[in-house]
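Within every chain, numbering begins at 1; the chains are lettered A, B, ... in the order of the sequence lines, protein sequences first and strands thereafter.
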Amino acid sequence: MTNIIENIREQIRSIVRKALTVAAEKGLLPEMAVNEIFIETPKEKQHGDFSTNIAMLLAKQAKKAPVQIASILIDNMDFTDTYIQRAECAGPGFINFFLETSWLYDTLKIISREGEDYGRINIGQGKKVMVEFVSANPTGPLHMGNARGGALGDCIASVLQAAGYDVTREYYVNDAGNQIEKFGISLEARYIQLLKGEDAIEFPEDGYHGEDIIDHMKDYIEQYGDKLLDADPETRRRELVNFALPRNIERIKKGLEAYGINYDVWFSEQSLYDSGEFEETINFLKEKGLLYEKDGAQWFRATDFGAEKDVVIIRSNGLPTYFASDIAYHRNKFVKRGFDWVINLWGADHHGHVARMKAAVAAVGVDPARLDIVLFQLVRLFKNGEIARMSKRTGRAISLDDLLEEVGRDAARFFFNMKAAGSHLDFDLDLAAKQSNENPVYYVQYAHARICSMLRLLESEGISVPSAEEVDLTLLTASEEQELIKKLAEYPEEIRISAQTLEPSRLTRYVTDVASLFHSFYTECRVKGEEEKLMKARLLLVSATKTVIKNVLDILSINAPERM
RNA sequence: GCGCCCGUAGCUCAGAAGGAUAGAGCGACGGUUUCCUAAACCGCAGGCCAGGGGUUCGAAUCCCUUCGGGCGCACCA
C-alpha cells in the first residue's frame with residue numbers, strides 16, 4: 001500500500017543525491033561520503049513541507065559554510081517528475097522544500113482507492129512476531145494492570161499487523177507451579193471453613209484472600225457436597241483446583257473477549273512439563289555448563305550473559321521456579337515455534353526480570369535482540385477526584401469486568417492507549433463515563449457519526465460519494481481542506497512509527513487530530529448545497545476522512561458509530 | 001546501598017532516531033446556531049522543559065551531577 005509521505009521523502013533524498021553528484025562533477029563541491037539523508041517535517045509552515053539538514057552535516061567535509069553548500073545544492077537540483085515545487089535555503093543552512101498541491105489531491109485518490117487497506121504498510125514483510133500479553137495468573141479476576149496491559153498489547157499487535165507482520169497474540173496460562181499450589185491450599189481452606197466453620201482451619205497467611213475463592217467453594221459444595229472432607233489432602237486440593245481453575249480461565253477469556261481481545265493461542269505452562277520440553281531445556285543448559293549447584297539448589301549463570309545476579313531455577317526442595325519454566329517457554333517461542341520476534345508486555349514492577357530473561361534467551365542460543373519487553377506503568381483509578389481502589393457495588397478490588405460495566409469497552413481501550421506505556425496513568429472513571437466534549441473518545445466518535453449523518457442525508461437526495469476520477473480535486477483550496485488532507489496523508493507514517501516504537505498511543509492522538517481538523521473543516525466549508533463540482537470534491541474529502549477515522553478505530557478495536 | 005522508570009502550562013500529557021519561535025486536550029475567560037448533528041467551532045490567557053555543569057553549528061532530547069516522585073533488588077510470581 002502507498003505511503004505517499006515516504007515516497008516524497010525518497011524523492012527528496014534522490015534529488016539531493018543527484019545534486020551532490022552534479023555539484024561534484026562541476027567541481028563546486030568535493031566528493032563526499034554521505035551516509036543517510038535525514039528528511040524532517042518543519043513545525044513552521046514558512047519553512048516548507050519538508051527540510052533537510054544535509055548542508056550542515058557536510059560543512060566539515062566540504063570545508064564550506066552550510067549556507068553556501070545549501071545554495072550550491074539548490075542550484076543543481078532537478079525537480080522533474082516529483083512533487084517538489086521549489087527549494088529554499090534558510091536559517092543556519094536548512095534546505096526547505098515546498099510541494100505542489102497535486103500531492104494532496106493524489107493523497108485523496110490513494111485513500112479512495114485503498115479504502116480499508118489505507119494505512120497498511122509492509123515494513124514487517126511477513127515476519128513472524130508474537131505478542132504475549134496479560135498472562136495473568138488464573139487464580140483470580142483481572143485487575144486494572146491487566147486491563148492496561150490488555151489494551152496496550154492488543155493494540156501493539158494490531159499495529160504490527162497493519163505494518164505487515166504476521167502476528168500471533170498469546171496468553172501464557174500459569175497453570176503450574178507455586179501459585180497453583182497456593183491456589184489449592186486456599187481453596188481447600190475455604191472448603192473446610194464453609195463446611196465445618198471458620199475455626200476448623202486457619203486460613204494461610206500467604207493464601208489468596210479474595211472473595212472469589214469462597215464463591216468457588218460455595219458453588220463446589222452446592223454441586224458435590226462434602227465428599228472431599230475425608231479425602232487425602234493432595235487429592236482434595238487437586239480436585240478443587242481442577243474445579244476452580246477452568247472456571248477462572250473461562251471467566252478471564254470471557255472478560256477479555258468483552259474487552260475486544262481475541263487470542264490466537266492460550267499456552268499452558270503445564271504443557272511444557274507434559275511434553276518433556278521443560279526437562280529438555282534444563283538438560284540443554286546443563287550440557288552447556290550454564291547450571292551449577294549451590295546450597296542444594298540449581299542456579300543458572302545469568303551473569304555470564306550480562307545479568308546482575310545468577311538465578312535459582314531448581315529450588316533445594318526439588319521444585320522448579322517460575323523462571324525455570326519461563327526459560328523453557330521462551331525457548332519454545334523461538335526455537336520450537338520459530339518466531340522471528342517476540343514482544344512481552346510486563347507491568348513495570350517486573351522490570352528487574354528483563355535482564356535475566358534476555359540472558360536466558362541468549363543462553364538457549366537466540367539473539368536477545370529478538371526479544372522486546374514493553375514495560376507499562378501501573379494504573380491509578382480516580383473517582384470523584386479521589387483514588388478509587390474498591391468497587392462500591394461489589395466491595396472488592398475493581399476488576400476488568402467492573403471497569404467495562406462502568407465506562408464501556410470503547411472508553412477503556414481509548415483511555416489506556418492515550419498515554420505512552422512508560423508514563424503513569426491516572427484513569428478518571430467519571431471522565432471516561434461522561435458523554436460530553438470533555439471526553440476524547442466521544443470527540444472522535446462524534447466526528448465519524450457526523451460524517452455518516454452527512455453522507456446519509458446526501459444519499460437520501462440521490463447524491464453518493466463520487467469516484468476520484470470524476471472529481472475536480474483542485475477546487476479544494478481552503479486551508480481547512482488542505483490541512484485536513486495533509487493529516488490524512490500522514491496515516492501510513494503514523495502506523496510505521498507506532499510499529500517501530502511499539503507505541504500505539506500515537507494513534508489515539510493522531511485520530512483526535514483528524515477529528516479536530518474535520519470539525520474545523522465542517523464549520524468552515526459546506527458540502528450540501530454547494531455548487532456541484534465543489535460539493536463532489538468536498539464529498540470525496542469527507543469520505544476519505546471517514547475511511548481514516550474508521551481504520552484507526554479498527555486498529556484500536558473501538559466502535560466507529562454511524563449515529564450518536 | 002545498587003539498579004530501572006519518571007520530572008515539560010493550573011491539571012493530564014505529546015514532543016521516535018538532537019534541529020529553526022516547545023505543542024495538544026481539559027480547566028478558566030470571551031464569542032459563534034434562521035444553514036449538512038453545538039457531543040461542534042473561533043478567539044484569548046497560560047512555560048528558566050526540576051536545578052547545575054558539559055558535548056556542538058544547534059539540546060526538552062545525548063553525557064555527568066544534585067534534588068524530588070514511583071518501582072525493583074527471594075530457593076514468590
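Lacking a ring centre under 5.5 Å from that of the base six-membered ring together with a plane angle below 30°, A:His424 does not count as stacked on B:rG70. Stacking between A:Tyr446 and B:rA40 is absent: the ring centroid is not both under 5.5 Å from the six-membered base ring centre and under 30° in plane angle.
Between A:Asp310 and A:Arg301 no salt bridge is recorded (no basic side-chain N to carboxylate O distance below 4.0 Å). Of the charged side-chain nitrogens involved, at least one lies within less than 4.0 Å of a carboxylate oxygen, so that A:Lys528 and A:Glu461 count as a salt-bridged pair. A salt bridge between A:Glu6 and A:Arg13 is present, with a side-chain N of the basic residue lying under 4.0 Å from a carboxylate O of the acidic one.
Remark: nothing in residues 534-543 of chain A comes within less than 4.0 Å of RNA chain B through any heavy atom.
Every residue meeting the ring-ring contact (aromatic ring centres under 6.0 Å, His included) condition with A:His209, not counting sequence neighbours, appears here in chain and number order: A:Phe203. Here A:Phe305 pairs with nothing under the ring-ring contact (aromatic ring centres under 6.0 Å, His included) rule; sequence neighbours left out. A search for ring-ring contact (aromatic ring centres under 6.0 Å, His included) contacts involving A:Tyr165 returns A:Trp341, not counting sequence neighbours. Considering only residues two or more places apart in sequence or on other chains, A:Tyr329 meets the ring-ring contact (aromatic ring centres under 6.0 Å, His included) condition with A:Tyr172, A:Phe267.
Taking every side-chain heavy atom of A:His351 into account, B:rC4 is the closest of B:rC76, B:rA16, B:rC4. Of the listed nucleotides (B:rA20, B:rU37, B:rG3), B:rU37 has the atom at the smallest distance from the side chain of A:Ser453. Between B:rA39, B:rA20, B:rA14, one nucleotide has an atom nearer to the side chain of A:Lys419 than all others, and that is B:rA14.
The residue A:Ser520 sits close only to the backbone: its heavy atoms come under 4.0 Å of sugar-phosphate atoms, none of a base. Counting any heavy atom pair closer than 4.0 Å across all strands shown, A:Gln46 reaches a base atom. Heavy atoms of A:Ser51 sit under 4.0 angstrom from at least one base atom.
Taking 3.5 Å as the limit, the base of B:rA16 and the side chain of A:Arg496 contain a donor-acceptor pair of atoms between them.
Taking the six-membered ring where the residue is Trp, A:Tyr208 and A:Phe183 present perpendicular rings, their angle passing 60° and hence far from 30°.
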Task: Reading 5' to 3' through nucleotides 54-59 of chain B, protein heavy-atom contacts under 4.0 Å coded B for base, S for sugar-phosphate only, - for none - done: ---S--

